[in-house]
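When a residue number appears, it is its place in the shown sequence, counting from 1.
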Amino acid sequence: MGVADSISKDCDFFPKIVNLFRKCKDLGDRDGLHMIFRLVKAINDPEVHIVQSHRAFLEDHAVLKQAKPIRNASVVSRIHQTYRIRYIKDVILLKVLNDATKASLDRIIQANNAFVVSFLKDDAYFIHELFETMRSSNVSAGSKSELVFLLREFCTVSMQSDQQIQLSRDLANQGVLDIISDVLRSQDKVLVSAGTDILLHFLNQDPNLLRSYIANHEENSGEDISLLGILVKGMVIDFSGETLWQFQEILRMLLNESSLDMVTQCRAVIELFYKKYFDWLPDIIESSCLPKSIVRSTCGSGGVGTRVEEYSATPEILLNICEFLRFCVVHHPYKTNINFLESNSMEKILTLTRRRERVLVVAAVRFMRTVIGTNDELLISHVIVLNTLKPIIEAFVEHGNRYNLLQSTALGLLEYIRKENKKSLVVHVVESFWNQLVKFGQLESIQAFKLKYQEFMDSAEIEETTSVGHMRKKADERGLDKEEEDYFNTDSSNEEDSATQTTRSQQQCMVKPDDGSQIHHIPARPKSGGLVDHDDDKDHKPPPKRPAEARITSSSDGKDTDGNIRKKPKLEARISFSKNTAMANVAGRHSPASSTINSDGNVDARKASPGSPNQQPPESFDYTAGDSSSEMAVDTAEAADSDP
């Protein structure tokens, strides 16, 4: 049986070792302590042969530095205990610690942190004195650094999620964001890095805290640069380490509409960013990417290193800016598209193709791929009109057939245009740059791109042929309509002639009596024979017609010699039908209507029939002028059905 098996079966072995350890410690027996240490160490980690002085380190080197004195002894004791537990977990038992024991130690640490933070947060004197000291201009650089590190430790302490959110809100209400803004204005890059750590922690807990602060303080910043401006400016400053990336990450989190409950505050920050700071980033890129002719002229015998670089950003900064602008295009296409259409920001960004660093050229191609991916037809038309793809095609052609990341990215852009059936872009690329791309005809992507162009051209010809045939068909249909219209126009003219003749006949039927008055009457219409003759129609008696009245209008003023108003005379008309007269009218149905006055003063009016053989002959009117009575009797004699 081995030693390990014997120890595992003896449950009292380690408790006995612990009691022996305490006795040796009380007696100051270092040799006994070393023996116990080597024994336990060999059991747990046989590979380690170097003795570690952990106790000496904790007693002599682990010293609590208080940037601001903490007057409560229990808080200080909890801080010491937390530090030693972390040391045991992360150093002494790192290789042998199981998950259950590690979780237990983490819970102890979080409980201690919550106790310390809760006590210090509620201590108004401690927080107030801390913030006032950090705002003071008389504090030394070393003391300010210690205070900033204390604030970072205090804000980012490990606690449960709800406790950390509440801590962030309480500190924001007490003005911690003002302190961080002052820290980010510092020239000390270490302090700036600590400030970005605190901001990232706040954004991870509740992004609206920082968004609300920016929206409320942006307009009141005056001549001083605001916090949003500091963050944008931080992207173009050459910081070492992760600080450069942290500025971009903070801006991404501020401008990202991740959930509906954050839309209002986020949109306010977005509006401020695009209104004041977006245009500045493409300007930085353009100022750092001189035209190639200027680059070659500024390079002396010493090589490229003699080029003037004081106004040029580093490749890391340019790449950082380009990636951030791609983020803006993806998340705010409406804002960026308006900016690209109203300004030349897109052309400034594509000046990255002038740089020698291929990673920047690749970044420019990827940016263009993102812009086209917005599927904005107006923006694509803008790309075609301004020939924005030219620098990308030139960069692709310049690097030749070398298989590298640039060639792969450029071909990926063309593949995306082809697969997404961007007809306008396919036609633009082939018709504008095929002379340059033809030497890459052996590549499958270029061949497929040209084939897609041919498909678009063939479909356009088919559509044009179909359109011409359709137009001819429409023209033929319009020709038939024209003939029909001419036919109906001819009939209409005949009808107008008949109507004119009828009007003339009506004018001739007007009779003027001796007293100068005029009689207006409507000639009687011919009898209608109906559409179909039935036997029952012989016994049918039509309803009596209402008596027709004829108005008599005197040509004089209507007054007699005594000045009294004279009554209008009425004419009694007796209408009789005669077969002989009807037959005479049938014989002269094509002649215009006429009227005569006989010797007895009666009016004999004749009207031509429309000329239809099925219609009854027109009536003859026999007017008998009566006395000046106010009534005119109209007797209508109706012809029999057997009349011709």
Side-chain angles (χ1 to χ4, degrees), residues 183-197 199-200 203 225-256 273-274 276-292 294-295 298-299 304-332 336 339-340 343-371 391-392 395 405-406 409:
V183 171
L184 294 178
R185 291 185 177 92
S186 175
Q187 300 298 324
D188 189 347
K189 296 181 179 180
V190 178
L191 294 183
V192 173
S193 178
T196 55
D197 290 339
L199 284 183
L200 282 174
L203 288 172
I225 185 171
S226 63
L227 178 58
L228 184 59
I230 294 173
L231 296 175
V232 177
K233 185 179 179 181
M235 293 183 61
V236 300
I237 299 177
D238 187 12
F239 288 104
S240 58
E242 298 181 352
T243 307
L244 186 63
W245 171 85
Q246 287 178 337
F247 277 107
Q248 180 187 162
E249 187 65 20
I250 292 172
L251 288 173
R252 285 173 180 259
M253 297 177 70
L254 283 174
L255 301 176
N256 186 14
F273 171 74
Y274 282 97
K276 293 186 175 182
Y277 305 108
F278 181 82
D279 292 333
W280 187 53
L281 297 177
D283 291 338
I284 296 295
I285 294 178
E286 185 184 31
S287 63
S288 304
C289 303
L290 298 176
K292 294 183 179 180
I294 300 178
V295 173
T298 55
C299 295
V304 184
T306 60
R307 178 183 173 186
V308 180
E309 297 287 348
E310 57 266 24
Y311 298 106
S312 178
T314 62
E316 292 78 10
I317 293 175
L318 295 177
L319 180 61
N320 201 34
I321 294 175
C322 186
E323 292 299 321
F324 177 73
L325 293 175
R326 285 185 62 241
F327 165 84
C328 294
V329 172
V330 172
H331 290 81
H332 317 126
T336 53
N339 183 275
F340 294 156
S343 64
N344 59 342
S345 298
M346 185 163 51
E347 290 79 2
K348 293 178 180 178
I349 298 171
L350 291 179
T351 56
L352 287 172
T353 56
R354 303 172 183 172
R355 298 283 300 198
R356 301 181 307 273
E357 298 84 3
R358 292 184 182 177
V359 64
L360 296 180
V361 182
V362 171
V365 179
R366 294 177 62 192
F367 171 80
M368 197 64 207
R369 160 69 175 79
T370 305
V371 170
I392 295 178
L405 184 60
L406 174 58
T409 308

Check the pair Arg252 / Glu323 against side chain to side chain contact (heavy atoms under 4.5 Å, CB included), numbers first and verdict last.
CA-CA 11 Å; Arg252 285 173 180 259; Glu323 292 299 321; 4.2 Å; yes
Got a second to check how far Phe327's CZ is from Asn256's CG, nearest 0.5 Å?
4.5 Å
Between Leu325 and Ile285, is any pair of side-chain heavy atoms under 4.5 Å apart?
yes
Do Met235 and Ile284 have side chains that get closer than 4.5 Å, going by heavy atoms?
no
In the structure I gave you, are the side-chain heavy atoms of Leu191 and Leu184 within less than 4.5 Å of one another anywhere?
no
Looking at residues at least two apart in the chain, or sitting in another chain, which of them share a side chain to side chain donor-acceptor pair (under 3.5 Å) with Thr314?
none
Under 3.5 Å, is there a donor-acceptor pair between the side chain of Lys189 and the main chain of Asp238?
yes
Glu347 vs Glu286 side-chain heavy atoms within contact, under 4.5 Å:
no
One should read off an interatomic distance between Ile349 CD1 and Asn344 CG, to the nearest 0.5 angstrom, of 10.0 Å
Could you go step by step and tell me if Val183 and Val192 meet the side chain to side chain contact (heavy atoms under 4.5 Å, CB included) rule?
CA-CA 6 Å; Val183 171; Val192 173; 5.8 Å; no
Is the backbone N or O of Phe340 less than 3.5 Å from a side-chain atom of Ser343, with the two atoms forming a donor-acceptor pair by type?
no
Does the side-chain hydrogen bond (donor to acceptor under 3.5 Å, both in side chains) test come out yes or no for Gln246 and Asp197, once each step is laid out?
CA-CA 8 Å; Gln246 287 178 337; Asp197 290 339; 2.8 Å; yes
Got a second to check how far Glu249's CD is from Leu254's CG, nearest 0.5 Å?
10.5 Å
Closest contact, heavy atoms only, Leu350 versus Ala364:
CD2-O, 3.7 Å
Taking the side chain as every heavy atom from C-beta outward, state whether Glu316 and Leu244 have any atom pair closer than 4.5 Å.
yes
When every non-hydrogen atom of Ala395 is compared with those of Leu406, the smallest separation belongs to O-CD2, 4.0 Å
Neighbour count above 12 (heavy atom, 6.0 Å) for Lys348 NZ:
yes
Taking only residues two or more places apart in sequence or in another chain, which ones pass side chain to side chain donor-acceptor pair (under 3.5 Å) with Glu357?
Arg355
Could you state the interatomic distance from CZ (Arg326) to CE (Met368), rounded to the nearest 0.5 Å?
13.0 Å
Please name all residues satisfying ring pair (Phe, Tyr, Trp, His ring centres under 6.0 Å) with Tyr274, sequence neighbours left out, ordered by chain then number.
Phe278, His332
Taken to the nearest 0.5 Å, the spacing of Ile250 CD1 from Leu203 CG works out to 6.5 Å
Quick one, Val361 with Thr409, criterion side chain to side chain contact (heavy atoms under 4.5 Å, CB included). Give me CA distance, side-chain angles, the key distance, then yes/no.
CA-CA 10 Å; Val361 182; Thr409 308; over 6 Å; no
May I ask you to test the Val236-Trp280 pair for a side-chain heavy-atom distance under 4.5 Å?
yes
Could you give me the CA-CA distance, side-chain angles and deciding distance for Phe367 and Leu352, then say whether side chain to side chain contact (heavy atoms under 4.5 Å, CB included) is met?
CA-CA 10 Å; Phe367 171 80; Leu352 287 172; over 6 Å; no
Reported OG-to-CG distance for the pair Ser345 and Asp283, which is rounded to 0.5 angstrom
7.0 Å
Flag side-chain contact, heavy atom, 4.5 Å: Leu360 against Cys322:
no
Under the ring-ring contact (aromatic ring centres under 6.0 Å, His included) rule, what do Phe324 and Tyr277 come out as? Steps first, then yes or no, please.
CA-CA 13 Å; Phe324 177 73; Tyr277 305 108; over 10 Å; no
Minimum side-chain heavy-atom gap Leu255-His331 below 4.5 Å:
no
